[in-house]
Amino acid sequence: MTLKKPTEPAIWSRKEFAGNLTGKSAITSWKSDQLCCQWEGVICESVSDYSGSSSNRVTELILSRSGLRGSISQSLGRLDWLRRLDLSYNQLSGELPAGISSLKLLEVLDLSYNSLSGPVVAALSGLVSIMSLNISSNKFAGDLVDLGALPDLLVFNISNNSFSGRLSPNACSLSTGIRILDFSVNLLSGELEFLQNCSTSLQQLKLDMNSLWGHLPAFLYSLSNLELLSVSANKFSGRLSEDLSKLSRLKSLDVCGNQFSGVLPNTFGNLSRLEQLIVHSNSFSGQLPSTLSLCSDLRVLDVRNNSLSGPIDLDFSRLPHLCILDIATNHFQGPLPESLSNCQELKVLSVAKNGLKGEIPESFRNLKSLSFLSLSNNSFANLSRALSVLQHCNNLSTLILTKNFHGEEIPESVEGFDSLTVLALGNCALKGHVPRWLLKCRKLQVLDLSWNSLDGNIPPWIGQMENLFYLDFSNNSITGEIPKNLTELRSLICLNSTSSAITSAGIPLYVKRNQSASGLQYNQISSFPPSIYLSNNRISGRLCPEMGRLKELHVLDLSRNNISGFVPSSFSSMENLEVIDLSSNNLVGAIPSSLSRLTFLSRFSVADNHLEGPIPKGGQFSSFPNSSFEGNPGLYVDSSRSVAAAGNESLTHSNSSRRPRINKLGRSSFIVVTVSLALGFSLLLAVIMLRKSRRGVHDRMDELGKELGMPRRPSEAPESSRLVLFQNSNCKDLTVGDLLKSTGNFNQANIIGCGGFGLVYKANLPNGTKAAIKRLSNSGDCGQAEREFQAEVEALSRAQNKNLMRMEKKDGEVIDPSIWENKDYQKQVLKVLSIACTCTDPDPRRRPGIEQVVSWLEGVGLEGSLQSQTT
């Protein structure tokens, strides 16, 4: 038997395939003087032809994550011996060539995570040997009604595309042995009639995030081999049938985010393999089914945000592998069950917003794996016992006890809590002093004791808590002076690179600045702004100049106290400050003019003091409202007008000159990113970046001062500027004042997001364009911030597609009204939000790159009137 080299047509097809591709990739290593079977990603095998002679033929082409760009060539259809084709995780675009259908021996096709588009039926129908077909995370569209039989198909994954219409009755009859169907994150609609043709071999069915409706059909429960059923984020309604017990092999059931109602069927005894039950955000009522105790392999039980009631009547001793239990936001009553202490693998326990009462069981000290515990908004009692029990939970990192233990004394002596990073004991009307045992919590980052009745002084040892960056003692009865030791908080002096990015295990944390407002939601502890809240106490004494050391501080609220003396000019050294509230105190003297250098300042108030002299000019002060200064008759803007007599007029300078244009690169960085995300998240395509210099703090402030019209030091030489704009930007003449005015002086009310390097504000630019303005913080790796931003600019500026657009809206509109005229558009909103959630994953390793995000957004289909607005 003779072994031959690959035939000429095969070599030609590979060259043609490579010729369609660009960018740095594995194909650049393909050399013409080498046998193609030696090329990276190419696998050959010896095959025999009809004459008995053998030759090497390409049987596998594996180029996953190879940086491929461009379109897929028709020539691939000539590789007639190809059994496996993997082009996943690249940047391929264009339609799927019909020549693919010629690959009669192809068994595995993976084109996932690209930007391929158009219909797929013609290309896929001829794959008679296909066993695994994955075209997920592209922008394929159309329907699959005419897709022919694929008799050997086992895995069919079309998730995260734009397939629309009703599910074809043939979807389940493509193969008699199909095991996995994943149709999630598409635009599919209708009911589930297609399931009538499904083979009992089906093991996984994923239909999440579509527009499917109706009841779950009876024949669904005849799929006896089903192990995973996920239909979350649709419009299903009705009750869960007791026939659920027929799915005896079921391991995961997710029906969250629908309109199911009624009681949960008490038929889980036959689901002995169930590991995950997620039914949150529906309208289920009644009690927890007692038969859940028979699911001995259960690891996740999430029933939050329903209308369940009664006691928590489960025998948790029979659920030894339970890791996550979330029953928050229901109507449960009674005590916490003692049997929970038998769940030795329990890591997350949330029972917030129920009607629970009683004491924390002594046996909870045995929960050695517990890391997140939220008991907030219940009626638990005996805080001293609760802490004495929970101190034995060695891995506990987040402890939320808000709105419990009403009127009790805060314990003076507690041990343990070596792993605690977040402690919230707010709104409990607790009495006593700030306890010294907190000093033993060396890892504590967030401490909330607000809305209590604590008295005494702020203990000086607080300054020794080196990881603490969020401190809230507001709305208590604390007296004495602010200790100088408070200015020694290491995490507020310099960025604490060792501080861990603790997440809240998918359970949002809320911070409420007053009792009537809704809370700000944080899903990651690192997203909390570094803050000191001491407002509404009885603090006296003077402000110490050493507070200027807290360069990482973002929020300083000392309002409604009895603080006297001068405002230290050293406050201008706290270069990341966004909020300063010194209102309702007894401060005297002038407002230091150096505060105008605080370029991140979005809210400032010294109202109701005894200050006098001129209000600083320039910087953020040009746009602060008069309410920031009222109640100080001695303050004035110019000699002819006092603030006390100015009413509600905007602050203006008497002979203001034309505002200078932005033409420098100071350390304070402004980023204006205006990108409209599909369906009306209207953001103009424009980016302005002021690059950070590497000079010292005072040089940086002087630089910005020059931009605001302040004299430049003689020794300071101008630098070249860099202005980065998208191709169709019409905002090339923005000034610092324009940015301040368009964001309401970077008002917190305009915050719409938080990235790894700064906050994002909504804005209305002078020309009427709606925009998002991102301000880089001065903390962290500035070089990394710039590199990541430049990558975003590069990717977004290249992208010209229907989901990166400029849309004209009426004032106040955020979402295009035409979205609600078509149900498909509503689904697209959900897809965009899903992409956004992926981008904010707490684990940076799971976050997609900006080019992948653009690719996904291109896959969100827009039709009709929305397309006409594309630019």
Side-chain angles (χ1 to χ4, degrees), residues 371-373 383 387 390-391 393-402 410-426 430 432-450 452 454-476 478-502 504 509 511 522 524-535 537 539 543-544 546-558 574 576-577 779:
S371 62
F372 181 99
L373 175 62
L383 176 60
L387 294 177
L390 297 175
Q391 67 185 5
C393 301
N394 299 330
N395 287 309
L396 191 61
S397 61
T398 301
L399 179 58
I400 313 295
L401 302 176
T402 305
I410 193 166
E412 290 289 340
S413 178
V414 175
E415 301 293 333
F417 296 110
D418 295 335
S419 300
L420 200 62
T421 59
V422 178
L423 175 61
L425 262 171
L430 297 174
H433 307 313
V434 178
R436 187 177 179 84
W437 57 265
L438 291 172
L439 182 59
K440 300 176 183 178
C441 303
R442 294 294 183 180
K443 296 182 179 180
L444 198 63
Q445 299 177 29
V446 175
L447 175 60
D448 181 5
L449 297 178
S450 62
N452 285 297
L454 302 178
D455 53 23
N457 298 339
I458 300 174
W461 47 258
I462 285 285
Q464 300 176 38
M465 304 181 73
E466 59 183 25
N467 290 304
L468 189 67
F469 70 85
Y470 187 97
L471 174 66
D472 192 347
F473 287 169
S474 64
N475 299 286
N476 280 283
I478 294 174
T479 57
E481 299 184 359
I482 299 175
K484 187 180 298 184
N485 309 70
L486 189 64
T487 68
E488 297 174 0
L489 287 169
R490 184 176 300 179
S491 288
L492 296 180
I493 294 175
C494 60
L495 184 67
N496 188 352
S497 59
T498 62
S499 179
S500 58
I502 305 296
S504 56
L509 303 177
V511 174
Y522 298 94
Q524 188 168 323
I525 302 307
S526 60
S527 297
F528 278 69
S531 307
I532 294 178
Y533 290 100
L534 302 177
S535 61
N537 279 284
I539 298 170
L543 299 173
C544 61
E546 287 80 4
M547 294 190 75
R549 302 174 59 195
L550 305 179
K551 298 183 184 299
E552 299 301 326
L553 189 64
H554 287 211
V555 179
L556 177 62
D557 189 350
L558 307 178
M574 292 188 282
N576 283 300
L577 270 178
S779 59

Open item on the list: Can you give me the closest heavy-atom contact between Ile539 and Ile458, atom names plus distance?
Closed with: CD1-CD1, 4.0 Å

Open item on the list: If you compare all heavy atoms of Leu439 against all heavy atoms of Trp461, which two are closest, and at what distance to 0.1 Å?
Closed with: CD1-O, 3.7 Å

Task: Non-hydrogen atoms of Trp437 and Ser413 that approach each other most closely - done: CD1-N, 4.1 Å

Task: Heavy-atom donor-acceptor pair, Ser450 side chain to Asp448 backbone, under 3.5 Å - done: no

TODO: To the nearest 0.5 angstrom, please state how far the OG atom of Ser531 sits from the CG atom of Leu577.
DONE: 10.0 Å

- [ ] Spell out, as yes or no, whether a donor-acceptor pair under 3.5 Å connects the side chain of His433 to the backbone of Leu454.
- [x] no

TODO: Would you mind reporting whether Ile400 and Val422 have side-chain heavy atoms less than 4.5 Å apart?
DONE: yes

TODO: Look only at the side chain of Asn452 and the backbone of Leu425, and say whether a donor-acceptor pair between them is shorter than 3.5 Å.
DONE: yes

- [ ] Could you check if a side-chain atom of Cys544 sits within less than 4.5 angstrom of a side-chain atom of Thr487, using non-hydrogen atoms only?
- [x] yes

TODO: Check whether any side-chain heavy atom of Phe473 sits under 4.5 Å from a side-chain heavy atom of Leu447, and report yes or no.
DONE: yes

Task: Separation between CD1 of Ile482 and CG of Leu558, rounded to the nearest 0.5 Å - done: 4.5 Å

- [ ] Measure the spacing between CD of Glu481 and CG of Leu543 and express it to the nearest 0.5 Å.
- [x] 10.0 Å

- [ ] With rounding to the nearest 0.5 Å, note down the distance linking CZ in Arg490 to CZ in Arg549.
- [x] 10.5 Å

Open item on the list: I need the Met465 CE to Leu471 CG distance, nearest 0.5 Å.
Closed with: 8.5 Å

TODO: Looking only at non-hydrogen atoms, find the nearest pair between Glu552 and His554 and report the distance.
DONE: O-CD2, 3.0 Å

Open item on the list: If we check side-chain contact (heavy atoms from CB on, under 4.5 Å) with Thr421, which of these qualifies: Asn467, Thr398, Leu396?
Closed with: Thr398

TODO: Kindly indicate, with the supporting measurements, whether the criterion side chain to side chain contact (heavy atoms under 4.5 Å, CB included) is fulfilled by Tyr470 and Ile532.
DONE: CA-CA 6 Å; Tyr470 187 97; Ile532 294 178; over 6 Å; no

- [ ] Would you mind reporting whether Phe417 and Leu387 have side-chain heavy atoms less than 4.5 Å apart?
- [x] yes

TODO: Without swapping roles, check the side chain of Glu546 against the backbone of Lys484 for a donor-acceptor pair under 3.5 Å.
DONE: no

- [ ] Starting at CG of Asn576, measure out to CG of Leu553 and round the result to the nearest 0.5 Å.
- [x] 9.0 Å

Open item on the list: Treating Asn537 as the side-chain partner and Asn476 as the backbone partner, does any N or O pair qualify as donor plus acceptor under 3.5 Å?
Closed with: yes

Open item on the list: Is there a side-chain contact between Pro411 and Leu383 in this structure, where contact means two heavy atoms from C-beta onward sitting under 4.5 Å apart?
Closed with: yes

